[in-house]
Protein chains: 2
Amino acid sequence: MRHTKVKDLLNSTTTLEEVNAKGWVRTFRNNQFIALNDGSTINNIQCVVDFENTADETLKRITTGAAISVTGSLVESKGAGQKYEIKVSELEILGDSDAEKFPMQPKKHSLEFLRENAHLRVRTNAFGAIMRVRSVLSFAVHSYFQQKGFVYVNTPIITGADAEGAGEMFQVTSLPLDNLPKNEEENIDYKKDFFGKHTNLTVSGQLEGETFAMALGQIYTFGPTFRAENSNTSRHLAEFWMIEPEVAFNDLNANMDLAEDFIRYVIKYALDHCGDDLKFLEGRLLEEEKSKPQTERSEMTLLEKLNFVLENNFKRVSYTEAIDILRDSTTNKKKKFQYSIDEWGADLQSEHERYLVEKHFKCPVILFDYPAKIKAFYMRLNEDGKTVRAMDILFPGIGEIVGGSQREERFDVLVEKMKALGINEEELWWYLDTRRFGSAVHSGFGLGFERLVLFVTGMTNIRDVIPFPRTPMNAEF
Amino acid sequence: MRHTKVKDLLNSTTTLEEVNAKGWVRTFRNNQFIALNDGSTINNIQCVVDFENTADETLKRITTGAAISVTGSLVESKGAGQKYEIKVSELEILGDSDAEKFPMQPKKHSLEFLRENAHLRVRTNAFGAIMRVRSVLSFAVHSYFQQKGFVYVNTPIITGADAEGAGEMFQVTSLPLDNLPKNEEENIDYKKDFFGKHTNLTVSGQLEGETFAMALGQIYTFGPTFRAENSNTSRHLAEFWMIEPEVAFNDLNANMDLAEDFIRYVIKYALDHCGDDLKFLEGRLLEEEKSKPQTERSEMTLLEKLNFVLENNFKRVSYTEAIDILRDSTTNKKKKFQYSIDEWGADLQSEHERYLVEKHFKCPVILFDYPAKIKAFYMRLNEDGKTVRAMDILFPGIGEIVGGSQREERFDVLVEKMKALGINEEELWWYLDTRRFGSAVHSGFGLGFERLVLFVTGMTNIRDVIPFPRTPMNAEF
């Protein structure tokens, strides 16, 4: 008979005469009670084995991690915590798991140990929950944009453009590194490379996305992006997934409205669809924080924090106002910032963003109208000639989760900016075409998907919210 | 006032006193009728300009490709082909488009020319339609799996594993190619590379996906994959998007059922949600085929072909049966195959697949139980010891659209196979762990997303169904 998912068995509205379940043993106690999980839900189904009529040989093989198939009746459970359990009439060991060797023992493992076993950590409650939440969040992203008529665009991963300007790039090549072809000038002959030129992994799909927005109106990307930066922090990955909507005829205000509405939608979607998993993760976080001093613990539980975002508007603050707040803060005056804020024009560091969000406003903050000098070339210059229509959304505990802007739609202004920054116009001929032919006001933003997953799951290290993290010196699996 | 999408204006159920629309001019005729498109639909809205009361200077700037904003009333159209049109009271040129220079003239362009202008081709009817259909199909993929409780998994793009075995790989590095660090043996010192080892772009997420399926039960990937193969054909890309579901406890039959149900679902979804675009593409295909000799034209129109797939089961044929059919075919006997089929064990070429699908069965075909020798190491060996539980789905006009298998779940058999093929066991320690701990029957497949888009849109070159194609010698944009 076809097996039924544990989730469906637990949600059954009636007892059932014969069912089959397949999954992995989480625990086996008293030679009688199997906690069986198949990944469909964080909850296990209890399977009660008739140990007196089961061969000892079989009982011994019911170990943590073993794959089994159980057939029996779905009956009301006498135990606490579950409505139904399976009274097992037939049990088959599908795949053994040597209790001595299986790394995922039913005890607490360090997150570091679990990262080293990223192929198995998803068999734990926490990582099963995280990965289900991640999946549901990604579907929420698509649902939001598709409902609103956005077109999903797969911008290229391998790019010939060096000028995206968002960070250090990885090179992609099919040349043999131990026998590189040289041209007449004794330089590497990239004409012999696969694409006939030097190519990199993309750091952003924005520029290509803009060309599509200027035809389809509203588009979004959702794909992997890369940074070859030696940032060994809990907030950075070398490979991460980014969401980049781009909308023709949107100005910066409409862009902020979109970002805020979008974030609220996906968080609500997770709350509506991942109740069990989020409840578990809330408990995990409370447990984790017990070991911290009181002052470092969250003021809100995970679910409270998520609901807070749903119920409160993000605070919109100009860069100039933010600088005033920071400069006048006691922290700054007491020289407690590592980088003290003295004057307008300073780039904000993570410590400043956290101060604004966590100490001053105590809610998500949108900073806008940044100095042109500290932002990218494609951002719309304001009439003041010194600020650009940029915005960053800052989240408590996460820092920057969104970076966006209204784009410079004026051909002449854009070219001048590129020249000043030494960006090759010829290389970006196609990008400039969007301003040559039928240009218009347009805006977009990028949201780092893993930072969103961090926020929603309450995890604190970005390596724990992506299946197989890529970081400096680490590309295992 | 906020502008309304063209799609919503065309779908209006009533006339409206004042509306604003923004978009790009497709054509402007008789100094009076603008066909305006904003990408929300393939259909343009007609905007009627009161040319007698509009400055000549403005009228001259209403050129193909120009971005404009029109305000006016939505009135019933007297012209044929549309229910409503906008009677313009106010017109603003947002961005000019020099009619002499704009490459996307309102005439027929060659597909090759359009590829060279991939950043602008999406402003044509055909490519707007293709990209909307692609987007809707991608959402159909997610919808199908999420509804069934599959977990979306982002397997890594940069991989340290060389052994995925699906094809030639691109290397990813942050080392300076003109100054490569060497170790004591004078070899390239990959310990100094970003990840401390030699890394590539993934050719498949399957192996990592399996580790997640053995914890979460049902998973799928949908992400970019890469082949550094010099295949300059209309069916190959160096960078393409692949969908790879993997299901614990599914055998090959269940795997075939899943693939068939999935394909039917996404095609039906496109038919239900992209009616206008598909109708346009059907007309485009008919037009294109007029230039072909009668014998090369499709027997069915695009929509007939899509409905045919919905209404007919895929024909399931074993490799052995297929070889018999091919060997005994007149084509083979007359030596009309480039590679003639003489004996069991031969790898099937594209010409053979097309014969089976297009000449013999005239419907989608699932071939299964291939010789072990011509298939990958991880496929489940049959009891006959010489075939594996592999399956390929072949589509008319496309060839292979799906490749899948039941996976070898037996540790010993898998290791033996790897040894015989010289695959490094140590490198795949984590993959083998799935067979060490709680192994079970499981199956999955890979579907090349662009081939699906090809089939659904009726296009014939894969470079025309992805925004910015990556092929040998081409990584423009």
Side-chain angles (χ1 to χ4, degrees), chain A residues 3 22 24 38-40 65-67 94-95 97 102 119 122-123 131-132 135 138-139 142 146 149 151-154 156-158 160 170-174 177-178 188 194-196 199 208 211-212 215-217 224 228 239 241 249 430 433 437-440 467-468 470 472-477, chain B residues 3 22 24 38-40 65-67 94-95 97 102 119 122-123 131-132 135 138-139 142 146 149 151-154 156-158 160 170-174 177-178 188 194-196 199 208 211-212 215-217 224 228 239 241 249 430 433 437-440 467-468 470 472-477:
Chain A
H3 64 281
K22 289 176 176 167
W24 293 271
D38 68 356
S40 62
L94 303 173
S97 173
F102 185 52
H119 63 307
V122 66
R123 299 192 191 185
M131 295 306 161
R132 278 187 299 269
S135 169
S138 73
F139 189 60
H142 287 291
Q146 297 267 345
V151 178
Y152 179 48
V153 178
N154 294 124
I157 310 300
I158 298 173
F170 286 103
Q171 183 170 356
V172 175
T173 182
S174 68
L177 261 56
D178 50 10
I188 296 164
F194 190 90
F195 298 108
T199 51
E208 290 91 351
T211 70
F212 268 54
L216 300 174
E239 173 181 315
W241 286 66
F249 315 119
W430 50 272
D433 268 4
F437 306 113
S439 188
F468 298 96
R470 296 304 185 230
M473 302 310 281
N474 177 33
E476 193 62 84
F477 312 106
Chain B
H3 65 281
K22 290 176 176 169
W24 294 270
D38 68 355
S40 63
L94 303 174
S97 174
F102 185 52
H119 63 307
V122 67
R123 298 192 191 186
M131 295 306 161
R132 278 187 297 269
S135 169
S138 74
F139 189 60
H142 287 292
Q146 297 268 345
V151 178
Y152 179 47
V153 178
N154 294 123
I157 310 299
I158 298 173
F170 287 103
Q171 183 170 356
V172 176
T173 182
S174 68
L177 261 57
D178 50 9
I188 296 163
F194 190 90
F195 297 107
T199 51
E208 290 90 350
T211 70
F212 269 54
L216 300 174
E239 172 181 314
W241 285 66
F249 316 120
W430 51 272
D433 268 4
F437 305 112
S439 187
F468 298 95
R470 296 304 184 228
M473 303 310 283
N474 176 35
E476 193 61 85
F477 312 105

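Quantities reported herein were computed from a predicted structural model and do not represent experimental measurements. Here is how names work: the chains are called A, B, and so on, in the same order as the sequence lines, proteins then strands, and each is numbered from 1. As a basis for the values below, the full set of heavy atoms in this structure was taken, side chains included, without hydrogen atoms, waters or symmetry mates.
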Inset, instruction - Begin from the C-alpha positions of Val122(A) and Leu216(B) and carry the test side-chain contact (heavy atoms from CB on, under 4.5 Å) through to its verdict. - result: CA-CA 8 Å; Val122(A) 66; Leu216(B) 300 174; 3.8 Å; yes
For chain B, find which of [options] contributes the most heavy-atom pairs closer than 4.5 angstrom.
options: Tyr152(A), Phe212(A), Phe437(A); answer: Phe437(A)
options: Gly196(A), Ser174(A), Ser40(A), Ala215(A); answer: Ala215(A)
options: Ile157(A), Asp433(A), Asp38(A), Ile188(A); answer: Ile157(A)
options: Thr199(A), Val172(A), Val153(A); answer: Val172(A)
options: Ala440(A), Pro472(A), Gly217(A); answer: Pro472(A)
options: Glu239(A), Met131(A), Arg132(A), Arg470(A); answer: Glu239(A)

Inset, instruction - Report the option among Leu94(B), Asn154(B), Val151(B) that has the most heavy-atom pairs separated by less than 4.5 Å from atoms of chain A. - result: Asn154(B)
Inset, instruction - Could you have a look at Ala66(B), Gly149(B), Ser138(B) and say which one has the most heavy-atom pairs with chain A under 4.5 angstrom? - result: Ser138(B)
Inset, instruction - Over all heavy atoms of both residues, which pair between Gly438(B) and Ser97(A) is shortest? Give the atoms and the distance, please. - result: N-CB, 3.9 Å
Inset, instruction - Please state whether the side chain, the backbone, both or neither of Gln146(B) comes within less than 4.5 Å of a heavy atom of chain A. - result: side chain
Inset, instruction - Return the orientation label for the His119(B) and Trp430(A) ring planes: parallel under 30°, perpendicular over 60°, tilted otherwise. - result: perpendicular
Inset, instruction - Examine whether an atom of Asn474(A) lies under 4.5 Å from a heavy atom of chain B, and if so say whether it belongs to the side chain, the backbone or both; otherwise answer neither. - result: backbone
Inset, instruction - Quick one: list whatever passes ring pair (Phe, Tyr, Trp, His ring centres under 6.0 Å) with Phe249(A), sequence neighbours left out. - result: His3(B), Trp24(B)
Inset, instruction - Mind checking ring pair (Phe, Tyr, Trp, His ring centres under 6.0 Å) for Phe194(B) and listing every partner two or more places apart, or none if nothing turns up? - result: Phe170(A)
